[in-house]
Novice: 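Structure incoming, see below.
Proteins get letters first, then strands, A, B, ... in listed order; numbering begins at 1 in each. Just so it is clear, the structure is predicted and the values come from calculations on it, not from any experiment. Hydrogens, waters and symmetry mates are skipped; everything else that's a heavy atom, side chains included, is used.
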Amino acid sequence: MALRFYNTLTQQVEPFAPLSGNVVRMYTCGPTVYNYVHIGNLRTFTFQDILRRWLQARGYQLDHVMNITDIEDKIIRHAAAAHQTIYEYTAKYAEAFLEDTDKLRLQRPEHLVKATDHVNEMVEAIQKLEQRGFTYLSDGSVYYRISKFPEYGKLSHNDFSGIRAGARVDVDEYDKADARDFVLWKAKKDDEPSWQTPIGDGRPGWHIECSVMAMKYLGETLDIHTGGVDLTFPHHENEIAQSEAITGKPFARFWLHAEHLSIEAQKMSKSLGNFYTLRDLIGMGYPPEVVRYLLESVPYRKKLNFTMDGLKAAATSIERLRNYKLRLETDKFPAGTNDNLIERTQKATQAFDEALDDDLNTAEALAAVFEYTRDTNTAMDAGEFLTGNAISALEFLQHFDSIFDVLKPTAQTGGVNDEEVEAEIAKRDAAKKSRDFKMADQIRAQLAEKGVIIEDTKQGVRWKRQ
RNA sequence: GGCGCGGUAGCCAAGUGGUAAGGCAGAGGUCUGCAAAACCUUUAUUCGUCGGUUCGACUCCGAUCCGCGCCUCCA
């Protein structure tokens with residue numbers, strides 16, 4: 001079966017192909033940079049990375065836009081508290097965001113764009129909405145009139161016809177005609193950053209930036225729009241209302257939403273003290289790729305229970321695969337090729353690919369990898385695994401790692417270099433030959449302290465860094 | 001109240017009409033100077049509960065219990 005995704009819009013799994021050619025035009029709601037991103041944010045971004053990589057593996061080229069929200073209520077508040085401009089304040093966290101995603105090995109989108117660089121385009125979009133009669137003014141702010149857009153609610157599958165103005169407290173303290181209406185342009189307030197524009201002094205509302213930046217770089221109809229589930233309503237619903245009111249065309253063909261994660265079965269929150277950033281976890285001794293593995297091991301539409309036990313299990317699982325790779329690279333296999341095992345590799349590759357084609361079922365894809373490693377390890381023990389099989393096994397492993405990207409350890413600073421390790425191993429070999437096991441064990445222990453693990457195999461010593 | 005998701009072994013988790021993947025942890029074993037790695041055996045007669053449909057259900061239908069998300073900012 002071909003590549004397919006669950007589409008929130010239709011609530012169904014649908015075959016996917018881009019609208020034109022083999023370029024996938026995709027938009028992702030990026031971070032609001034008022035703080036370090038937390039592990040929940042990173043789950044969503046990791047899902048998008050898997051999505052990117054799998055689309056590429058299936059021969060598609062990506063044109064992917066991610067926004068960075070650098071103007072917004074919280075940012076204004078935090079920047080003011082820090083006595084900084086919003087630019088100074090957000091630059092730090094935007095940079096930190098990229099550091100974190102780099103550590104998690106997330107591919108960078110083709111376009112990483114800031115809201116504040118697109119205020120003019122947002123104003124133009126709002127003017128278009130005005131011309132088409134989708135807006136109204138209230139206290140100098142511009143609002144979107146949802147009653148003009150009958151399809152409102154089609155993404156979140158909510159029926160809003162029953163909600164009327166006054167049904168709920170207006171938190172913005174502005175007068176809205178309808179409780180559902182949202183702000184496109186906020187009138188200038190004292191002490192707040194603002195732009196002088198034809199639609200008045202003020203700043204953009206949150207929702208308009210994504211519509212504008214998506215369409216500027218990707219055109220009027222996107223192939224895929226992604227984000228966290230919580231954004232489905234109202235953010236994505238509002239994006240549709242804005243964009244489709246302007247163009248009269250479908251805004252995005254596929255809406256993919258990543259589920260949230262919980263921490264030890266509890267909602268992540270600062271008050272519970274279970275609010276983790278990647279930096280926190282690295283500080284606790286977990287390498288970034290371990291976090292990556294845990295985040296990608298649960299299919300993106302399933303809630304992920306993030307636990308310390310899970311992190312430890314992830315570390316062990318990666319270790320198993322790394323050991324397997326090391327064995328493939330260092331063991332000496334008999335010459336030739338076992339055709340049965342070549343077939344086994346093809347079967348594993350097929351299972352892996354089919355799992356990912358099926359709405360990115362990463363859990364099932366991993367199962368295919370582990371089953372294969374067990375079977376081939378068994379074949380190695382039985383002497384049935386030949387040189388030619390090692391080549392195809394490494395290719396399969398490479399295929400796996402081109403998506404999951406966990407086999408290469410994150411470089412540790414300090415430690416011993418390769419030559420020193422080899423020299424110590426030679427000394428230990430000599431000690432072993434003269435049956436001085438005490439000395440041999442001592443050398444092994446010393447290397448272990450430096451993060452180098454020594455293993456004796458039938459074909460000699462091999463080593464790895466921890 | 002509305003919309004939606006989920007409850008599968010100690011933990012994580014796949015499967016969604018044909019008789020329970022995979023990972024981690026645990027137990028026993030093989031190999032080894034000892035380790036490590038690897039492998040083997042073992043760990044759910046059962047998939048929240050109760051009914052129904054069916055030759056057959058974890059998978060479909062109904063009811064029910066529990067947990068969670070969204071419905072105002074939130075990945």
Side-chain angles (χ1 to χ4, degrees), chain A residues 8 11 28-32 37-48 72-74 153 156-160 162-163 168-172 179-180 182 206 226-235 237 257-262 265-269 293-294 297-324 326-327 330-331 351 355 358 361-382 432 435-438 440-441 444-445 448 453-458 461-464:
Chain A
T8 305
Q11 297 179 298
T28 287
C29 290
T32 300
V37 290
H38 55 67
I39 198 65
N41 297 305
L42 291 171
R43 199 246 172 137
T44 299
F45 298 129
T46 302
F47 142 67
Q48 280 149 184
E72 177 263 357
D73 292 8
K74 276 199 207 78
S156 54
H157 305 282
N158 277 315
D159 178 9
F160 292 93
I163 303 175
R168 131 179 336 140
V169 179
D170 183 351
V171 291
D172 283 340
R180 302 172 297 170
F182 58 92
W206 176 44
T226 70
V229 273
D230 55 295
L231 295 185
T232 308
F233 185 88
H235 183 55
E237 201 73 73
H257 289 105
E259 249 301 345
H260 281 185
L261 60 72
S262 51
Q266 285 186 305
K267 189 183 167 92
M268 176 166 48
S269 76
Y293 182 94
L294 179 54
S297 64
V298 178
Y300 76 95
R301 283 204 296 128
K302 174 137 185 158
K303 289 184 184 75
L304 190 162
N305 187 15
F306 191 94
T307 65
M308 291 304 142
D309 282 350
L311 272 177
K312 287 179 194 122
T316 315
S317 298
I318 292 175
E319 198 52 35
R320 169 120 181 256
L321 295 173
R322 285 180 180 166
N323 285 330
Y324 176 71
L326 187 66
R327 188 176 188 188
T330 58
D331 266 20
D358 183 13
N361 191 336
T362 47
E364 205 169 341
L366 283 172
V369 173
F370 280 103
E371 258 180 290
Y372 175 77
T373 63
R374 192 195 56 225
D375 287 355
T376 46
N377 264 322
T378 303
M380 288 179 210
D381 287 353
K432 272 179 69 181
R435 302 196 66 80
D436 184 355
F437 294 122
K438 203 172 169 186
D441 289 353
R444 184 168 65 194
I453 307 298
I454 295 215
E455 296 174 359
D456 295 321
T457 73
K458 289 202 170 86
V461 183
R462 71 182 174 205
W463 65 276
K464 63 190 179 189

Novice: For A:Gln11 and B:C3, what is the distance between atoms CD and P respectively, to the nearest whole Å?
Specialist: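 From A:Gln11 CD to B:C3 P: 11 Å.
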
Novice: Whole angstroms only, please: what is the OH-P distance between A:Tyr372 and B:A21?
Specialist: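 In whole Å, B:A21 P lies 22 Å from A:Tyr372 OH.
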
Novice: Please determine, for the side chain of A:Asn323, which listed nucleotide (B:G2, B:G7, B:A37) has the closest atom?
Specialist: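 Nearest to the side-chain atoms of A:Asn323, counting from C-beta on, is B:A37.
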
Novice: Among residues at least two apart in sequence or on other chains, which ones pass side chain to side chain donor-acceptor pair (under 3.5 Å) with A:Lys464?
Specialist: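 Here the qualifying residues are A:Glu319, A:Asn323, A:Glu455.
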
Novice: Within the structure shown, what part of the strands sits under 4.0 Å from A:Leu261 by heavy-atom distance: base, sugar-phosphate, or nothing?
Specialist: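 Result for A:Leu261 = base.
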
Novice: Output one line per pair: protein atom, nucleotide atom from nucleotides 32-36 of chain B, and distance, for all N/O pairs under 3.5 Å.
Specialist:
{"unit_1": "B:G33", "atom_1": "N1", "unit_2": "A:Asp441", "atom_2": "OD1", "d": "3.0"}
{"unit_1": "B:G33", "atom_1": "N2", "unit_2": "A:Asp441", "atom_2": "OD2", "d": "2.7"}
{"unit_1": "B:C34", "atom_1": "O2", "unit_2": "A:Arg444", "atom_2": "NH2", "d": "2.6"}
{"unit_1": "B:C34", "atom_1": "N3", "unit_2": "A:Arg444", "atom_2": "NH1", "d": "3.0"}
{"unit_1": "B:C34", "atom_1": "N3", "unit_2": "A:Arg444", "atom_2": "NH2", "d": "3.4"}
{"unit_1": "B:C34", "atom_1": "N4", "unit_2": "A:Asp456", "atom_2": "OD2", "d": "2.8"}
{"unit_1": "B:A35", "atom_1": "N6", "unit_2": "A:Asp456", "atom_2": "O", "d": "3.0"}
{"unit_1": "B:A35", "atom_1": "N1", "unit_2": "A:Asp456", "atom_2": "N", "d": "3.0"}
{"unit_1": "B:A35", "atom_1": "N3", "unit_2": "A:Arg444", "atom_2": "NH1", "d": "3.0"}
{"unit_1": "B:A36", "atom_1": "O2'", "unit_2": "A:Glu455", "atom_2": "OE2", "d": "3.1"}
{"unit_1": "B:A36", "atom_1": "N1", "unit_2": "A:Asp456", "atom_2": "O", "d": "3.3"}

Novice: Which value, in whole Å, describes the distance between the P atoms of nucleotides B:U43 and B:G28?
Specialist: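 To the nearest whole Å, 15 Å.
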
Novice: Could you measure between the two P atoms, the one in B:G48 and the one in B:A9, and give it in whole Å?
Specialist: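 Nearest-Å result for B:G48 against B:A9 at atom P: 8 Å.
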
Novice: Looking at A:Asp358 and A:Asn361, would you say the former's side chain and the latter's main chain have a donor-acceptor pair under 3.5 Å?
Specialist: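 Here the side-chain-to-backbone pair does not exist.
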
Novice: Using purine N1 to pyrimidine N3 plus N6-O4 or O6-N4 for Watson-Crick, or N1-O2 and O6-N3 for G-U wobble, each under 3.5 Å, what pairs with B:U16?
Specialist: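 The answer is none; no pair meets the criterion.
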
Novice: How far does the P atom of B:C55 sit from the matching atom of B:U49, given to the nearest Å?
Specialist: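 Between the two P atoms, the distance is 25 Å.
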
Novice: Assess the residue pair A:Arg462 and A:Asp331 against the criterion (salt bridge (Lys or Arg N to Asp or Glu O under 4.0 Å)); give the C-alpha distance rounded to whole Å, side-chain angles, the decisive distance to 0.1 Å, and a yes or no.
Specialist: CA-CA 9 Å; A:Arg462 71 182 174 205; A:Asp331 266 20; 3.6 Å; yes

Novice: Under 4.0 Å: is that the gap between some side-chain N or O of A:Asn377 and OP1 or OP2 of B:C39?
Specialist: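 The answer is yes; a side-chain N or O of A:Asn377 sits under 4.0 Å from OP1 or OP2.
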
Novice: Measure CD/A:Gln48 against P/B:A75 and give the value in whole Å, please.
Specialist: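 In whole Å, B:A75 P lies 12 Å from A:Gln48 CD.
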
Novice: Phosphate oxygens OP1/OP2 of B:C70: is one of them under 4.0 Å from a side-chain N or O of A:Lys267?
Specialist: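 Yes.
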
Novice: Taking only residues two or more places apart in sequence, or in another chain, which ones meet A:Asn305 in a side chain to side chain contact (heavy atoms under 4.5 Å, CB included)?
Specialist: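 Result, side chain to side chain contact (heavy atoms under 4.5 Å, CB included) vs A:Asn305: A:Ser262, A:Ala265, A:Thr307.
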
Novice: Quickly work out the A:Asp331 CG to B:C39 C1' distance and round it to whole Å.
Specialist: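 That distance rounds to 13 Å.
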
Novice: Touch check for A:Ser156, heavy atoms < 4.0 angstrom, all strands: base, sugar-phosphate only, or nothing?
Specialist: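 The answer is sugar-phosphate, as A:Ser156 gets under 4.0 Å only of primed atoms, P, OP1 or OP2.
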
Novice: Could you tell me if the side chain of A:Phe437 sits less than 4.5 Å from the side chain of A:Arg435, heavy atoms only?
Specialist: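 They are in contact (side-chain heavy atoms under 4.5 Å apart), so the answer is yes.
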
Novice: Quick one: A:Ile39 CD1 to B:A75 P, roughly how many Å, whole number?
Specialist: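 It is 14 Å, rounded to the nearest whole Å.
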
Novice: With 3.5 Å as the limit, what N/O pairs link the protein to nucleotides 23-26 of chain B?
Specialist:
{"unit_1": "B:G23", "atom_1": "OP1", "unit_2": "A:Arg320", "atom_2": "NH1", "d": "3.2"}
{"unit_1": "B:G23", "atom_1": "O2'", "unit_2": "A:Ser317", "atom_2": "OG", "d": "2.2"}

Novice: Apply side chain to side chain donor-acceptor pair (under 3.5 Å) to A:Arg301 and list each qualifying residue two or more places apart in sequence or on a separate chain.
Specialist: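 Applying side chain to side chain donor-acceptor pair (under 3.5 Å) to A:Arg301 gives A:Asp359.
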
Novice: Taking for each residue the nucleotide of RNA chain B with the nearest heavy atom, is it A:His38 or A:Tyr324 whose nucleotide lies nearer the 5' end?
Specialist: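 It is A:Tyr324, whose closest nucleotide lies nearer the 5' terminus.
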
Novice: Counting only side-chain heavy atoms from C-beta out, which of B:C5, B:C40, B:C70 sits nearest to A:Thr378?
Specialist: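 Among B:C5, B:C40, B:C70, the one nearest the side chain of A:Thr378 is B:C40.
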
Novice: Using the C1' atom as the reference point in each nucleotide, state the distance between B:C66 and B:U8 in Å, no decimals.
Specialist: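 These two C1' atoms come out 16 Å apart once rounded.
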
Novice: Can you tell me which nucleotide in B:A21, B:C5, B:A75 comes closest to the side chain of A:Ala363?
Specialist: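 For A:Ala363, the side-chain atoms sit closest to B:A21.
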
Novice: With both distances under 3.5 Å as the test, what is the Watson-Crick or G-U wobble partner of B:A38?
Specialist: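 Base-paired to B:U30.
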
Novice: Can you tell me how far the CD1 atom of A:Ile39 sits from the OG1 atom of A:Thr46, to the nearest 0.5 Å?
Specialist: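 It is 7.5 Å, given to the nearest 0.5 Å.
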
Novice: Base, sugar-phosphate, or nothing: which does A:Gly310 touch, judged by heavy atoms less than 4.0 Å apart?
Specialist: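 The residue A:Gly310 makes no contact with any strand.
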
Novice: Just jot down the salt bridge (charged side-chain N to carboxylate O under 4.0 Å, His left out) partners of A:Arg43, sequence neighbours excluded, or say none.
Specialist: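 A:Arg43 satisfies salt bridge (charged side-chain N to carboxylate O under 4.0 Å, His left out) with no residue once adjacent residues are dropped.
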
Novice: Is there a Watson-Crick or G-U wobble partner for B:C50 with both distances under 3.5 Å, and which nucleotide is it?
Specialist: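 Checking every strand shown, B:C50 finds its partner in B:G62, with both distances under 3.5 Å.
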
Novice: Distance between the C1' atoms of B:G15 and B:C47, in whole angstroms?
Specialist: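 Looking at atom C1' only, B:G15 and B:C47 are 11 Å apart.
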
Novice: Paired with B:G4: which nucleotide, if any, by Watson-Crick or G-U wobble criteria at under 3.5 Å for both distances?
Specialist: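 B:C68 is the nucleotide pairing with B:G4.
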
Novice: Using atom CD of A:Glu364 as one end and atom P of B:A21 as the other, report the distance to the nearest whole Å.
Specialist: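 A:Glu364 atom CD is separated from B:A21 atom P by 12 Å.
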
Novice: Taking only the P atom of each, what is the distance from B:U45 to B:C11 in whole angstrom?
Specialist: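 To the nearest whole Å, 14 Å.
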
Novice: Who passes side chain to side chain donor-acceptor pair (under 3.5 Å) against A:Asp436, sequence neighbours left out?
Specialist: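 If we apply the side chain to side chain donor-acceptor pair (under 3.5 Å) test to A:Asp436, skipping adjacent residues, there are no hits.
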
Novice: Look up atom NZ in A:Lys302 and atom CG in A:Leu261, then write down how far apart they are to the nearest 0.5 Å.
Specialist: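 CG of A:Leu261 is found 14.0 Å from NZ of A:Lys302.
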
Novice: Can you tell me the base-pairing partner of B:A9? Count Watson-Crick or G-U wobble geometry only, both distances below 3.5 Å, and say none if there is no partner.
Specialist: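 Per the H-bond distance test, none.
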
Novice: Could you give the NZ-to-C1' distance, from A:Lys303 to B:C68, as a whole number of Å?
Specialist: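 It is 5 Å, rounded to the nearest whole Å.
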
Novice: Indicate, with a heavy-atom threshold strictly under 4.0 Å, whether A:Pro234 touches base, sugar-phosphate, or nothing.
Specialist: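 Here A:Pro234 touches the backbone only, sparing every base.
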
Novice: Does the side-chain ring of A:His260 sit on the six-membered ring of the B:A75 base, less than 5.5 Å centre to centre and under 30° in tilt?
Specialist: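 Yes, A:His260 stacks on the base of B:A75, since the ring centres sit under 5.5 Å apart and the planes are within 30°.
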
Novice: How would you label the contact of A:Met268 with the nucleic acid (heavy atoms, under 4.0 Å): base, sugar-phosphate, or nothing?
Specialist: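 The answer is base, as A:Met268 lies within the cut-off (heavy atoms under 4.0 Å) of a base atom.
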
Novice: B:C73 P sits how many Å from A:Glu237 CD, rounded?
Specialist: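 Interatomic distance, CD of A:Glu237 to P of B:C73: 13 Å.
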
Novice: If we take the C1' atom in both B:G10 and B:A27, what is their distance in whole Å?
Specialist: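 Rounded to whole Å, the distance is 13 Å.
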
Novice: Between A:Asn305 and B:C12, does any side-chain N or O lie under 4.0 Å from OP1 or OP2?
Specialist: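 Looking at the OP1 and OP2 atoms of B:C12, one of them is under 4.0 Å from a side-chain N or O of A:Asn305.
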
Novice: Residues two or more places apart in sequence or in another chain: which of them pass side chain to side chain donor-acceptor pair (under 3.5 Å) with A:Ser156?
Specialist: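 Here the qualifying residues are A:Asn158, A:Glu237.
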
Novice: The side chain of A:Asn158 lies closest to which of these nucleotides: B:C3, B:A21, B:A13?
Specialist: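 Output: B:C3.
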
Novice: Nearest 0.5 Å please: distance from the CG atom of A:Leu321 over to the OH atom of A:Tyr293.
Specialist: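 It comes to 6.0 Å.
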
Novice: Listed by chain and number, what are the salt bridge (charged side-chain N to carboxylate O under 4.0 Å, His left out) partners of A:Asp456, not counting sequence neighbours?
Specialist: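 Once residues adjacent in sequence are excluded, the partners of A:Asp456 under the salt bridge (charged side-chain N to carboxylate O under 4.0 Å, His left out) criterion are A:Arg428, A:Lys432.
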
Novice: For nucleotides B:U19 and B:C31, find the distance between their C1' atoms and express it as a whole number of Å.
Specialist: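 That atom pair is separated by 37 Å.
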
